[in-house]
Each structure stands twice: as structure tokens, then as C-alpha cells.
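Only one structure is covered here, and it is reproduced in the block below.
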Amino acid sequence: MDAGLKRELEAKVYAGERLTREDGIALYASDDLSWLGRLAHHRRTELNGDRVMFNVNRHLNLTNVCSASCAYCSFQRKPGEKDAYTMRIDEAVRKAKEMEDEQLTELHIVNGLHPTLPWRYYPKVLRELKAALPNVKLKAFTATEVQWFEKISGLGADEILDELMDAGLESLTGGGAEIFDWEIRQHIVDHACHWEDWSRIHRLAHSKGMKTPSTMLYGHIEEPRHRVDHVLRLRELQDETGGFVVFIPLRYQHDFVDSADGKIRNRIQARTTMASPAESLKTFAVSRLLFDNVPHVKCFWVMHGLSVAQLSLNFGVDDLDGSVVEYKITHDADAYGTPSTMHRDDLLHLIWDAGFRPVERNTRYEVVREYDAAPSLAQRRAEPQQVWA
Ligand code: SF4
């Protein structure tokens, strides 16, 4: 990058000025990863100091049967396929109870767009989960699912959200965003929820007092300009509602084929590679710099591995997704040895070892517990040492 432009961008960041679309594209074009990290770390430190937030959650997928066939998705199954499943309500509650331990604060629930399950199933399952786990917050359903509920119920999103909130819904999830630009979206998304509906549903949720996450699926067939466009749309909506609490860049994953029938469902993997760790760190950094009005940027470590998760804390990230027992949408198995489960102590040490201070949060990003500074090296050496992937 031209030295003059570099100085100009640096000055804007240090003065707290909003970056433009052209600035975002220029940042992606830079090869100077440590410089990008320094800028993003400056902004991250201004907003969040040396804190790294996490929560203790579990994922629950009620059904993998889906009417859509998104090109990147290795999770969906068609009715009657060998490993297609749909949980009865009592099964979902039993499974959630099995995952419960005294430290669990959140259940994260996303599902396929089931062709025949009735709308009534969804508020009922939330109600029963809430009754069985009263202290656990329910973060459930993507905007895509809410739009699907409109279709199968004939109700509007307004009534749907009211009913789901009455049944115990604390927050929507951030999925279904993928990449909003139609030039790319038309090749990877098969459901009917695009920017207009996705933003309408999150706007509505925010107007009801909900705080929601926002996401972006990157590292497939999109270019940096599509990532910039995606973030700027969300930034504009955030100017209007202030309801996004976090931005989560999700790294596109190949299908690692551990399904019972051995089929590869992902239809774009022959056309693309996965983003490299350096590209992921760049995406975290540029996102932190562009999305100046969202308080937190999260690294979902299951998709990145623990080494990149630790490094990301120096590239704008201040939030790590918590303990995950099951996560299936893009991570059926992984050839890189990333574990699928982490516990509170593992996370604390991961954060301390990277030089940050862990803070446990709830679904709304309110502080549940602040932890002390890291134990001394002498204390650490006296303990069995973790080997990170
Ligand atoms: S991403 Fe969601 S909507 Fe698309 S095929 Fe997969 S489960 Fe269905």
C-alpha cells in the first residue's frame, strides 16, 4: 500500500473517524498484517480494554431436515435420508437436560427449515425448555427461520416474535446473513431470506428490546469488497437501531464428510479453498475497524482452531464463543484437530496465556463474573499444561 494512504488511514483510526467503503477495500488490499493488527488492537482496546468475554453455552439443533439446499451447507438433510432427524419436544428437553450443568447459561438453537413441522412446535419447545432449565437463556432461530415461520403460520414476524419471546426467547441468533451482496448470495443461498427480510426481522427484534448478534460467512467465493459491503449494511442498520451486540465473522468450512452415508453435500468446495489463518486475522481486523458502532467482535474458535483464536485477540476480537459440546451446521468433523468441546478452565487459560483478562458474560453481554489477572508462570508450570491445536 502507498505510504501516504497508509498514514491517512492510520490518522483516521487514531482520530476515531469513521472509515469509508474505499478505506475498507484498501485495508483488505494491504499485506501488512502486523500493521492491520496494531490498528484493530488500538480500536479494540479503546472499546474493551484487556477484557475477553466468553459465555458457557451449548448448541442444540432440533432438526437437520431442511427445505432449502444452500450450496455451502453440509448440515441439511432431506426427509427420509439416512441420518435425517427431528426431535420430539420431550427428546429436545431430555437432550438439553443432559447438557445442563450448573455453569451453563445459554442454549444456542438453530435448525433446518422443516417442511412439515407445524409453527406451534417452536414456541412449545421453547416453553418446555424454559420450564426445564429456568436459569438458562434461550438464544434461538435465525432470521431465516423466523421468515420460514411467517410462511408456515400465516402470521407476521411481529406476532411470531411476541409469541416466541413470551415462550422464553431471549435473543435471535445471527445466522442466515452469509454475504448480503446478491452477486455472491445467489450462488450460495437457497432459502428466501435476503437482506430486506433479514434486516426487517432484526430491526423488529431490536424494536422489542432484543439484543442480537450479526454474522458474515466469508472465505468462499466472495471478494473483499463483498465483505466490506456486508459490514457497511450492518453498520447502517446499527446506526438506526443500536441493537447488534456483536459481529461474528464465520469462516466458511469444507465438508469433512463424517455423515452416515459418506456424501459430500457442500457444492462449492470444488470451486474454492478455505480462508487461511492470515486471511481470517485480516478479516477480524478490518471488520473491527469498519464496524465502529458494534461493541464486540467474536471469534468462534470451533471454526478457526485455538491458535488462531488466541491470535485473533490481537486483531480486534474481544469475545470467544464458550464451551460447545455439539456444533453441526458447518463443523461435522474437522481434519485440523480442533476439539469440539472446551470447558471454562480451558477458556480461562487460553485467554490468560494470550495476555488478556477473562470476563464471563450472559447472552446480553452483561458481566456475570470478572476474573483476576493470570496466575504466575511458576503456578502455571506446576499444573499439567494444555496442548492447544
Ligand atoms: S444453511 Fe440453513 S437454510 Fe440453508 S440448507 Fe443449511 S440448514 Fe437449510
Side-chain angles (χ1 to χ4, degrees), residues 59-87 92 108-117 119 121-122 125 139-153 157 160 172-182 184-202 212-222 230 248-261 263-269 271-272 274 300 302-303 324 326-334:
H59 287 242
L60 183 68
N61 307 117
L62 300 169
T63 178
N64 63 356
V65 176
C66 189
S67 302
S69 301
C70 299
Y72 68 87
C73 179
S74 50
F75 171 73
Q76 51 89 15
R77 299 288 185 275
K78 297 302 162 210
E81 270 197 77
K82 211 162 158 192
D83 46 1
Y85 73 87
T86 301
M87 292 182 195
H108 181 115
I109 305 169
V110 289
N111 319 288
L113 309 175
H114 195 289
T116 54
L117 266 183
W119 148 242
Y121 169 87
Y122 299 95
V125 81
K139 182 159 85 182
F141 311 128
T142 60
T144 308
E145 290 181 82
V146 173
Q147 195 213 29
W148 180 254
F149 300 156
E150 288 183 304
K151 184 176 165 171
I152 61 175
S153 69
I160 285 169
L172 294 178
T173 68
E178 289 101 9
I179 285 281
F180 290 126
D181 191 315
W182 186 246
I184 298 302
R185 194 171 184 82
Q186 62 184 312
H187 299 293
I188 61 169
V189 168
D190 184 48
H191 56 70
C193 185
H194 307 304
W195 167 247
E196 293 71 20
D197 286 308
W198 195 96
S199 57
R200 168 177 66 85
I201 288 163
H202 278 266
T212 66
S214 54
T215 64
M216 169 177 77
L217 185 72
Y218 72 94
H220 41 89
I221 57 170
E222 90 293 356
H230 188 93
I248 316 165
L250 297 169
R251 179 184 182 224
Y252 157 81
Q253 306 247 300
H254 279 344
D255 188 350
F256 292 103
V257 201
D258 71 341
S259 56
D261 59 9
K263 262 192 207 162
I264 293 183
R265 287 177 169 74
N266 183 325
R267 300 194 307 281
I268 53 172
Q269 72 184 42
R271 296 167 58 192
T272 184
M274 287 167 57
F300 185 36
V302 179
M303 286 178 168
V324 177
E326 289 187 87
Y327 186 76
K328 291 186 169 155
I329 298 276
T330 60
H331 189 86
D332 260 355
D334 169 321

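Please read these numbers as outputs of a predicted model, since none were measured by experiment. Counting starts at 1 for both ligands and their atoms, following the listed order.
The distance between the ring centers of Tyr72 and Tyr252 does not fall below 6.0 angstrom.
Aromatic ring pairs are classed by plane angle as parallel below 30°, tilted from 30° to 60° and perpendicular above 60°; the pair His108 and His59 is parallel.
Taking a cut-off of under 4.0 Å to the non-hydrogen atoms of His191, the atoms of ligand 1 that pass are 3 (S). Of all atoms in ligand 1, listed by their number and element, those nearer than 4.0 Å to a heavy atom of Ala68 are 5 (S). Atom numbering of ligand 1 starts at 1 in the shown order; those under 4.0 Å from a heavy atom of Tyr72 are 1 (S).
Contacts of Glu145 classified as salt bridge (charged side-chain N to carboxylate O under 4.0 Å, His left out), with partners at least two apart in sequence or in another chain: none. Legend: residues meeting side chain to side chain contact (heavy atoms under 4.5 Å, CB included) with Ala177, ordered by chain and number and at least two apart, are Phe180, Trp198, Thr215, His230.
Cys66 lies close to atom 8 (Fe) of ligand 1, since one of its N, O or S atoms is found at a distance under 2.8 Å.
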